[in-house]
Structure formats: structure tokens, C-alpha cells
Amino acid sequence: MSKGPQRIRGTQDIWGEEADRFARVVETFDRVRRLYAFQRIELPVFEATEVFARSIGETTDIVSKEMYTFPDRGGDSLTLRPEFTAGICRAYLSEGWQQHAPIRLATHGPVFRYERPQKGRFRQFHQLDAEIIGTDSPLADVELLVLADQLLHQLGISEGVTLQLNTLGDAPTRDAWRAALVSHFEAHRSELSEDSLVRLAKNPLRILDSKDPRDRPAVDSAPSIDEFLTPEASAFFARVTAGLNVADVSWTRNPRLVRGLDYYRHTAFEFVTDRLGAQGTVLAGGRYDGLIEGLGGPHTPAVGWAAGIERLAMMLTPPPALPPAIDVPVVVMPVGDAAEATAIRVATAVRRRGFATEIYTRGNLKKRLARASERLVSTAIIIGDDELEAGQATVRHLRIQQQDRIPFDRIVEQLWPTGDE
RNA sequence: GCGACCGUAGCUCAGCUGGUUAGAGCAUCGGUUUGUGGUACCGAGGGUCGCGGGUUCAAGUCCCGUCGGUCGCCCCA
């Protein structure tokens, strides 16, 4: 079946209706992001490996086994970005964006993770990303969440999506809670699943969102973070939730929500749906006050989130509701080689007037008209020997099945009279 | 990385318990007096049956491996 080179596993050739959905997600994000005054940035798809290794956490699966890491010809170790945040923080430092802090940034593009592909999960996939860097105000967290909420509404996919919210507290909170969890789970070792025993050593917080029913009892009896929140941490969380309530964004407290990446503090959140099988998370993020410091910069508080474009696109309304991919109102049909030059001249004039057109050259006139009808073209400009001799094109209006003759140099102004956009 | 299912024309699939030159629909291309419409009719091209090995007189059909896909686990957007 297959001829020639194969597409790389976990990558996609996006085309047609799927490409339209994809574009709609990006366009909507771009529109909403402006409403919240986030500025657009473009960043490299690869960075020095240490940018990700130091920020994401050496023990996470992403860093330990999912990165595309390779030496370049100069011997430096580079990595295709597995997420946006680390690269944005690196840029924040190397471009001196501190002087603009707090700064609101938005971007989107491909990210890469060496994972086993399945529904809604790819090796090259695409994310939307929004970050606010340089403020420790809970208002920033609120703004980001309200932005996310509005994005989902404008995409028309907020139905069935719930915002799950949690706090991971500040550093002292997190350390105390973590220690309590470790001793709790150590005491219940015998009740845990094999997976969770591994987590206990590597990333004990992760046991909390285990799907294995065997872990339930130990998880249910585990200490809650609320018992360890410092007054500052709980005041922070209270201001975030209060802000969401004022903005009328509904949310659910999920005390077992933790983040996979090590750099998160305080607010952690996920917009989750049940419509995407195992890949329920559609947009996720939180506050990462320690990350920039970890990269060697000054202490810099920040918040952000990322959303999977493919996952959002999959939730979009089915094809019929979408507008046609390409709207070409006019088509030019030269009949015979002699008509070619005139066809090019006419088509160019149409495009310079600001309208899309295509020149159909293949097949007999009947086939071409059939093709045009199929694609909902409204006007066909036919140019053959008769027309060349008369200096007038046959302009056929496909909808009303009527046609008339118009001199070549008057076609554009006849079809689109000035002032009638 | 683990488990289950799947892999036949560009697309969607049929091919019964292994048996002559592998089929259909859609799409494509051509034709129905080299110039007038989504229809109709006629015809054509297009397949190393993912790939490699094995069993058998004989394999698209059975077995093993491999690659790819799907779903789940892990992880995550």
C-alpha cells in the first residue's frame, strides 16, 4: 500500500476539514488573548537540554524518558521543546524582559514528546500557551483562568468541561505536606499498587490521583493539604477563588489534583472533559514561582497554562456547522491555448480587487462547470475563441443560470462596483 | 515501557471453515459530435493483500517476528 517515505509515528498530516478546525482554535485563541492584553511571542522549537532538565525536574517522566534530545554538529546537547513554559522563562531571562514585568505572554506551536500515541495524544502535537511572569498577585491567576474559561466558551466547547482547582501551597506548605504523605503511604505500603510503590519513591504526590482502585483506601485516608497550609498560602488561595466567583467562572475543588511537573506552587488547575476518552485534560496549568530561580535567574513569581490544540479541535462542532474551507466566488475558464494570457490577466485583476479566484484549465467545459457547481462557485468567466474575437468574456452566473458578455477590462468593476464591498 | 484488538485499491470496506486470473461503493481519468452545470449511461487506470519469515500440494485467509494504527495502563495537553 505504502509507497515512498512514511510519516513518522505519532506525527500528523493535517488537512482539509481537520485543518479548518485547527485554524479555528488558533484564531479564537488569538482573538481572546488580545482581549486580556497578552502579547504574542515566537520562540525556538529547540533549546539547550538543560533548560528543560533543570526546570521541569529530572525525575519526571517527561525529562527522564520522553524528550527528543540530540547532539548538534558542534556537540551541544539540544532538545525539542516538550512544553512551552521553560523556553519562555529562558527567553524572559535572556531577553531582559524583567524590565517589563509583570509581562503577559501568549504563544502557540508544536511541542514534542516521545510517547506511545493514542487518541488525542501525539509525538508532535500543538499547544496554546499563556503566561504572566513577574507578579505574585493572585489576580494574575484569576485573569489566566478567566481567559481560559472565555476561550472555551468562545470555542463553544465549555459544555461538559469542568474546572478543577487546587492549591499546592507555598514551599513550606508543600514540604510539610509531602513529608506527611510519605510517612502516611509508607505506613500503608502493603495496600498500595505496584505503580504507586514506584511513585512513592519518585513522586509521592502522584499517588493521590492514581486510578488504581487498590489505592483508594490509602488515598482516602491520606492527610489533606489543607492541614498544612500556611496562613499566607490559604489567604492566597482564598483570593483566587474569590476572584473566580466574582468573574462568574464555575470551579470545583479537587484536593487531590497535583501537577506532574515539579515547579508548581500555589494554584494548580485542569479543565477536564469526559468526551475525550483517557485524555480528559484539555487545558492545564498553575503557578510556578520557583522555576526562573531554578534556571539561574532572580526570584520571579509566575503563572501560566497550556492547552492541547488537537484536543480542543476534536471537541469542536461537527463538519456541517463549519464554513467551507475556501470561499472562491469566481472561477476563470480559458478554452483553448489562445485564451490563456487573457485568463491570467482577468484572474490577476480579480485578485487585485481583493477577491479569490482560480483558473480551471482541465477537462472539457462541461466538466469544469460541474466542478465549479460542486464547489459552490457563483460566477464562471468563460474565455474562448469567440470571446477573444469579440473582446468580451462570457460571464455565467451559476446560481441563477444566466450569462452575459462583458468586455475583458470591465469585468471586475461590473462584478464588484466600487463602494460595494 | 506494559496489555488488548486491528492492518485488503487514493478513501470506506467485502473476501464463508486456506483452493483457479483478489471484488464492490466512492473518488480519479476518458467517452456519450475538442464550448455550457451537481444527475444518467459507457469505459479505463489503480492492489508486492503493511513488511519479513514459517506451516502446507496450496495462504489475503493459519503460526512467529517486525513496522504501523486503535483503545486502555503509565504519563500528560
Side-chain angles (χ1 to χ4, degrees), chain A residues 1-3 6-12 15-16 25 56 59-66 81-85 108-129 148 193-196 198-199 202-203 206 209-213 258-261 269-273 276-285 304-315 331 333-337 339 360 362-388 394-403:
Chain A
M1 179 202 344
S2 53
K3 293 162 200 150
Q6 283 293 105
R7 175 161 50 77
I8 297 298
R9 183 173 204 191
T11 62
Q12 344 168 53
W15 176 85
V25 171
I56 297 174
T59 62
T60 62
D61 281 11
I62 291 180
V63 170
S64 61
K65 48 193 186 201
E66 294 180 0
R81 64 183 177 205
E83 55 116 38
F84 274 108
T85 307
H108 68 85
V111 293
F112 307 83
R113 250 119 98 161
Y114 191 86
E115 291 188 284
R116 183 91 179 257
Q118 60 190 65
K119 182 178 189 175
R121 191 160 125 181
F122 310 92
R123 289 186 172 178
Q124 175 178 334
F125 62 104
H126 301 79
Q127 289 187 333
L128 306 176
D129 188 278
S193 63
E194 307 79 55
D195 281 339
S196 284
V198 176
R199 294 188 183 105
K202 271 176 46 184
N203 198 348
R206 281 263 143 215
D209 58 5
S210 166
K211 286 177 195 162
D212 195 317
V258 293
R259 306 273 57 222
L261 314 183
F269 53 86
E270 284 182 18
F271 285 82
V272 181
T273 178
L276 255 34
Q279 274 61 243
T281 302
V282 123
L283 184 155
W305 55 250
I309 297 180
E310 286 84 354
R311 291 185 186 179
L312 293 172
M314 283 191 288
M315 296 177 69
V331 140
M333 302 182 183
V335 180
D337 294 347
Y360 282 11
R362 224 171 41 163
N364 57 38
L365 236 209
K366 179 173 181 152
K367 296 243 151 126
R368 292 191 234 177
L369 283 164
R371 189 182 180 81
S373 298
E374 219 170 285
R375 301 190 174 191
L376 305 176
V377 170
S378 58
T379 307
I381 300 172
I382 302 166
I383 303 167
D385 293 343
D386 297 350
E387 285 80 2
L388 288 175
T394 296
V395 176
R396 182 164 180 83
H397 307 284
L398 302 182
R399 301 273 164 73
I400 55 177
Q401 309 199 23
Q402 284 173 10
Q403 61 189 38

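By convention in this document, chain letters (A, B, ...) are assigned in the order of the sequence lines, proteins followed by strands, and residues within each chain are numbered from 1.
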Phosphate OP1/OP2 of B/rC75: any A/Arg199 side-chain N/O under 4.0 Å: yes
Scan [X] against the nucleic acid and name what it touches under 4.0 Å (heavy atoms): base, sugar-phosphate only, or nothing.
{"X": "A/His397", "answer": "base"}
{"X": "A/Gln401", "answer": "base"}
{"X": "A/Leu398", "answer": "base"}
{"X": "A/Asp385", "answer": "base"}
{"X": "A/Ile309", "answer": "nothing"}

With rounding to whole Å, what would you report as the distance between [N] and [M] at their [atom1] atoms?
{"N": "B/rU66", "M": "B/rG10", "atom1": "P", "value": "27 Å"}
{"N": "B/rC5", "M": "B/rU20", "atom1": "P", "value": "29 Å"}
{"N": "B/rC29", "M": "B/rG45", "atom1": "C1'", "value": "7 Å"}
{"N": "B/rC49", "M": "B/rG31", "atom1": "P", "value": "33 Å"}
{"N": "B/rG54", "M": "B/rG18", "atom1": "C1'", "value": "15 Å"}
{"N": "B/rU70", "M": "B/rU56", "atom1": "P", "value": "37 Å"}
{"N": "B/rA4", "M": "B/rA22", "atom1": "P", "value": "35 Å"}
{"N": "B/rA40", "M": "B/rC26", "atom1": "P", "value": "8 Å"}

Check: protein-nucleotides 65-72 of chain B nitrogen or oxygen pairs below 3.5 Å:
| from | atom 1 | to | atom 2 | distance (Å) |
| --- | --- | --- | --- | --- |
| B/rG69 | OP1 | A/Gly10 | N | 3.3 |
| B/rG69 | OP2 | A/Arg9 | NE | 2.5 |
| B/rC71 | OP2 | A/Lys119 | N | 2.4 |
| B/rG72 | OP1 | A/Ala278 | N | 2.9 |
| B/rG72 | N7 | A/Gln118 | OE1 | 3.3 |

Pairwise 5' ranking along RNA chain B for A/Glu66 and A/Glu387, keeping only the more 5' one: A/Glu387
With a 4.5 Å heavy-atom cut-off, do [X] and [Y] have their side chains touching?
{"X": "A/Phe125", "Y": "A/Ile309", "result": "no"}
{"X": "A/Met333", "Y": "A/Leu369", "result": "yes"}
{"X": "A/Leu312", "Y": "A/Leu128", "result": "yes"}
{"X": "A/Gln12", "Y": "A/Gln124", "result": "no"}
{"X": "A/Arg396", "Y": "A/Gln401", "result": "yes"}
{"X": "A/Pro82", "Y": "A/Glu66", "result": "no"}
{"X": "A/Val335", "Y": "A/Asp385", "result": "no"}

Between [atom2] on [N] and [atom1] on [X], what's the gap in Å once rounded to a whole number?
{"X": "A/Lys366", "N": "B/rU36", "atom1": "NZ", "atom2": "C1'", "value": "9 Å"}
{"X": "A/Asp386", "N": "B/rU36", "atom1": "CG", "atom2": "P", "value": "11 Å"}
{"X": "A/Asp209", "N": "B/rA77", "atom1": "CG", "atom2": "P", "value": "12 Å"}
{"X": "A/Ile381", "N": "B/rU36", "atom1": "CD1", "atom2": "C1'", "value": "15 Å"}
{"X": "A/Arg368", "N": "B/rG35", "atom1": "CZ", "atom2": "P", "value": "9 Å"}
{"X": "A/Tyr360", "N": "B/rG37", "atom1": "OH", "atom2": "C1'", "value": "12 Å"}
{"X": "A/Phe112", "N": "B/rA77", "atom1": "CZ", "atom2": "C1'", "value": "14 Å"}
{"X": "A/Ile56", "N": "B/rA77", "atom1": "CD1", "atom2": "C1'", "value": "13 Å"}

Salt bridge (charged side-chain N to carboxylate O under 4.0 Å, His left out): pairs with one or both residues in residues 111-120 of chain A, sequence neighbours excluded: A/Glu115-A/Arg121
A/Ile8 atom CD1: more than 12 heavy-atom contacts under 6.0 Å: no
Residue list, salt bridge (Lys or Arg N to Asp or Glu O under 4.0 Å) with A/Asp386, at least two apart or on another chain: none
Shortest non-hydrogen contact between A/Pro117 and A/Gly10, atoms and distance: CG-CA, 3.9 Å
Closest contact, heavy atoms only, A/Thr281 versus A/Glu270: OG1-OE1, 3.0 Å
Counterpart residues, side chain to side chain donor-acceptor pair (under 3.5 Å), relative to A/Arg399 (two or more places apart): none
Pair of N/O donor and acceptor under 3.5 Å linking B/rG37 base with A/Ser373 side chain: yes
Secondary structure of RNA chain B in dot-bracket form (Watson-Crick or G-U wobble, distances below 3.5 Å, | marking inter-strand pairs): (((((((..((((.....[...)))).(((((.......))))).....(((((..]....))))))))))))....
From B/rC73, B/rU36, B/rA77, nucleotide with atom closest to A/Leu369 side chain: B/rU36
Are there any protein N/O atoms within less than 3.5 Å of an N/O atom in nucleotides 27-30 of chain B, and if so, which ones and at what distance?
| from | atom 1 | to | atom 2 | distance (Å) |
| --- | --- | --- | --- | --- |
| B/rC29 | OP1 | A/Arg362 | NH2 | 2.6 |

Value rounded to 0.5 Å, distance of OG1 in A/Thr273 from CE in A/Met314: 10.0 Å
